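So the structure is just underneath, and the comments pick up after that.
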Amino acid sequence: MAREPEKGLSLIGLILVCVKMVVSAKTAPEIPTIDQAYSKLSNSITVEWASVPGATSYLLTAEDGDTVVETMAASSPGTVAGLKPATLYQVTVRSLSAAGRSQASAPKQAKTVLAAPILEVSSPSPDSILVQWAAVHMAIGFSVSIMQANGLGRIWKENTTNTSLTFSNLEAGTLYTVKAYAWNANGIPGDDSTCNQRTIACAPGRVTIQENPPGHLSVAWSTVDLGDYYVAFVKSDDGLEVHCNTSLTQCNFLSECGFTYFISVFAYNKAGHSPLGDVFNYTTAPCCPRDINPVSVSSDRMEVIWSPVRGAELYETKAVAGYNVVECNDTAPACTLSALECDTKYNVTVYSFSEVRGSNRSCASRFITTAPCSPEIKSISEDASSTISVRWRATNEDATYTVTAQGEKGRYRCSSKGEACSMGGLPCGSVFSVTAVAETEVGRSQPSYSVPLETVPCCPAGLTITQVTQSVINVSWTFDTMAQTYVTLLESHTGQSKCHTHQSHCLLGCITCGINYTVALKAVSASGLTSDCAYRSDFSSACCPLGVKLYRLGPNGIRIHWQVSRGSANYSTDLYGSKGIFTCAPRAGLSFCDVTEIPCGDVYTVMVSPVAQTGLKLTFCPKKIYSVTCSGSTLGMVIYRGKSKAK
């Protein structure tokens, strides 16, 4: 009985063990522990961990914050692929069994190595290989090595921070293996790239290009060992390409002006053609302008234009006349040449220029003559018939000269091939500006300097002479254009009288009555030009009678008697009384006249007046007063009462 409790305890323990075994059989495996994680390739990370009892496989997970990549592994080590180069990942491992999966292990960080450079390999020459690649993310340097593909010979290895490398002093026609990888800031190398490149044969060297004569290109080169024949390619910059095959070392091609030709030569043998050697370019001389046309030509300037030509970057225009040379340079197909000599034939040439080839000096020229020189007016004169004559200095060859007088009253012209011309019909009393131009088939000159011309003043349209007193006359006139000054001249054998005036009339005194005078008129301009007016007039002033007396003729008649002092004149007699005015005119040659039927017993004012040739009665003579009485006598009595003041 004492052992029964012990048996009970043993049974309980056995039951617990069985229960534990059943529970253990249905629980997930333990969590793995990562020993290390590392990257040997740019797209994967390898993970090592301790095995977990009961685990049938493992789940590897890599996370970079943006993406999650998972992969299964049967055992350690395991690799997660499909990753990004040069990227830091957090790696975990889970153990898997039939009962389930464990929790993720403690994470481990690992960074993928750099990507491999993508190589571009070429052989620019028979003894070199050029290796080029694009930049690699996070790379600070590159290692590039080269060796013969057959394993013979040495290995060349170079480190560089650039993205290209050239290996020189290689064997021509040999296959080489090129290997390259990048490393990061910690010196950890990345993936590597490998490719093969052969150096095939030497390109022809010492290529020379000549253009002689223009329009013919000659391409020559040196002989290449093992070369069976050669092909020379010539391609113009407009895309047209020609070539020639030859076993010689020279080819000839046709060329055109203003083109750049790109020239390459290959050597060929049974193995193929040589690599591309140096590509040469040859630029022919720019084309010459051919349609040179003057669009504007004056006395000292000409503007010429032409069509643009191929290959010209600049145009040089040169005009030559003896030692006189004028040039202009421009990129435009036009040029204005100035400071030229008038009426001069210039040899004009337009040269085309390019920076590569220089000037094309074979361009043809043409002759262009400048417009005539401006004439110089030497003198202007006016003759008695008011014809204007203009003289100038003529220096042009075969030119026609035209003189123009321009004024407010019109424009007048005359022309001549000589050195003078005349023009008429210019109005008097006018001011003109006179210029002269020369004209040839080339064009017209600039006008000469203008010379002022003033025509003589106009003469008055009519002249009127009026006697004011016995010794004073008034000369008057009418005009369309007034002169500055008029001069009236009265001349006789006894002397002359002169009057200057700015008006249209003039009083001349100190005239001797009864003497014939000649009257002349001159019109004078402000500048002193004088017109001797064509009309002249003879004039004689009338004298007042002397000794005027009255005599009775019966009861109602009066005789007026006078004496003629000088000259001959007709007279008219007027008696003014309170009972009327009584007039009588004597017959020619008589010095008295009778008035009949005049009342007596009145006082009369008596005036004997000369009569002008126009019939006008001149009333400037003195008047006398007489009293006629009625005394009973038929003879009566006439009493002189004095003089009346003339009005």
Side-chain angles (χ1 to χ4, degrees), residues 382 384-386 409 426-430 454-545 562 564-574 581 583 585-586 588-589 607-623 645-647:
E382 183 177 6
S385 61
S386 298
K409 295 186 177 180
L426 275 71
C428 59
S430 301
E454 180 185 0
T455 55
V456 295
C458 299
C459 285
L463 193 68
T464 301
I465 303 173
T466 304
Q467 188 169 359
V468 179
T469 68
Q470 182 172 282
S471 63
V472 177
I473 65 170
N474 180 57
V475 182
S476 61
W477 51 87
T478 58
F479 49 79
D480 293 328
T481 302
M482 185 174 181
Q484 175 72 14
T485 305
Y486 293 97
V487 179
T488 305
L489 184 64
L490 198 64
E491 287 185 299
S492 71
H493 65 278
T494 61
Q496 67 177 11
S497 179
K498 185 183 293 185
C499 171
H500 291 76
T501 182
H502 299 293
Q503 301 176 354
S504 60
H505 63 89
C506 192
L507 289 174
L508 292 153
C510 300
I511 305 299
T512 301
C513 66
I515 296 178
N516 286 335
Y517 285 88
T518 299
V519 181
L521 182 67
K522 293 183 179 182
V524 184
S525 70
S527 62
L529 290 178
T530 301
S531 288
D532 289 321
C533 297
Y535 47 77
R536 299 175 67 86
S537 177
D538 291 332
F539 172 78
S540 176
S541 65
C543 296
C544 290
W562 61 87
V564 178
S565 62
R566 189 183 303 113
S568 61
N570 294 323
Y571 293 90
S572 175
T573 302
D574 295 293
I581 301 174
T583 301
M607 184 171 65
V608 180
S609 302
V611 178
Q613 295 178 355
T614 60
L616 179 66
K617 186 185 298 183
L618 304 178
T619 61
F620 53 77
C621 292
K623 300 175 183 178
K645 191 173 182 180
K647 296 182 180 179

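Just so it is clear, the structure is predicted and the values come from calculations on it, not from any experiment. Counting begins at 1 with the first residue of the sequence.
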So how far is it from [X] [atom1] to [Y] [atom2], rounded to the nearest 0.5 Å?
X	Y	atom1	atom2	answer
I511	S497	CD1	OG	4.5 Å
S471	L508	OG	CG	11.0 Å
N474	T469	CG	OG1	11.0 Å
W477	C506	CH2	SG	5.5 Å
H505	T488	NE2	OG1	10.5 Å
C499	L507	SG	CG	7.0 Å

Disulfide (SG to SG under 2.5 Å) for C458 and C428? Distances and angles first, verdict last. CA-CA 5 Å; C458 299; C428 59; 1.8 Å; yes

Show the nearest heavy-atom pair for residues [X] and [Y], with the distance to one decimal.
X	Y	answer
T512	S541	O-OG, 3.6 Å
A523	P457	O-CG, 3.1 Å
C510	Y517	O-OH, 4.5 Å
Q484	H502	O-ND1, 2.7 Å
F620	Q467	CZ-NE2, 3.3 Å
S609	L618	CB-O, 3.0 Å

Excluding sequence neighbours, so at least two apart, what forms side chain to side chain donor-acceptor pair (under 3.5 Å) with [X]?
X	value
H500	none
T583	D574
E454	S525, S527
S492	T494

Residues in side chain to side chain contact (heavy atoms under 4.5 Å, CB included) contact with P586, at least two apart in sequence or another chain: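 P586 satisfies side chain to side chain contact (heavy atoms under 4.5 Å, CB included) with W562, L590, C593 once adjacent residues are dropped.
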
Are the side chain of T573 and the backbone N or O of A585 linked by a donor-acceptor pair below 3.5 Å?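 Pair absent, no side-chain N/O of T573 close to backbone of A585.
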
Distance SG-SG for C544, C513 less than 2.5 Å: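 The answer is no, since C544 and C513 keep their SG atoms 2.5 Å or more apart.
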
Summary of salt bridge (Lys or Arg N to Asp or Glu O under 4.0 Å) pairs that have at least one residue in residues 511-523, sequence neighbours excluded: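 Checked against salt bridge (Lys or Arg N to Asp or Glu O under 4.0 Å) - neighbours excluded - the pairs reaching residues 511-523 are K522-D532.
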
Go through it in stages, so that I can follow the logic: the residues are V519 and L463, the test is side-chain contact (heavy atoms from CB on, under 4.5 Å), and I'd like the CA-CA distance, side-chain angles, deciding distance and then a yes or no. CA-CA 10 Å; V519 181; L463 193 68; 4.2 Å; yes

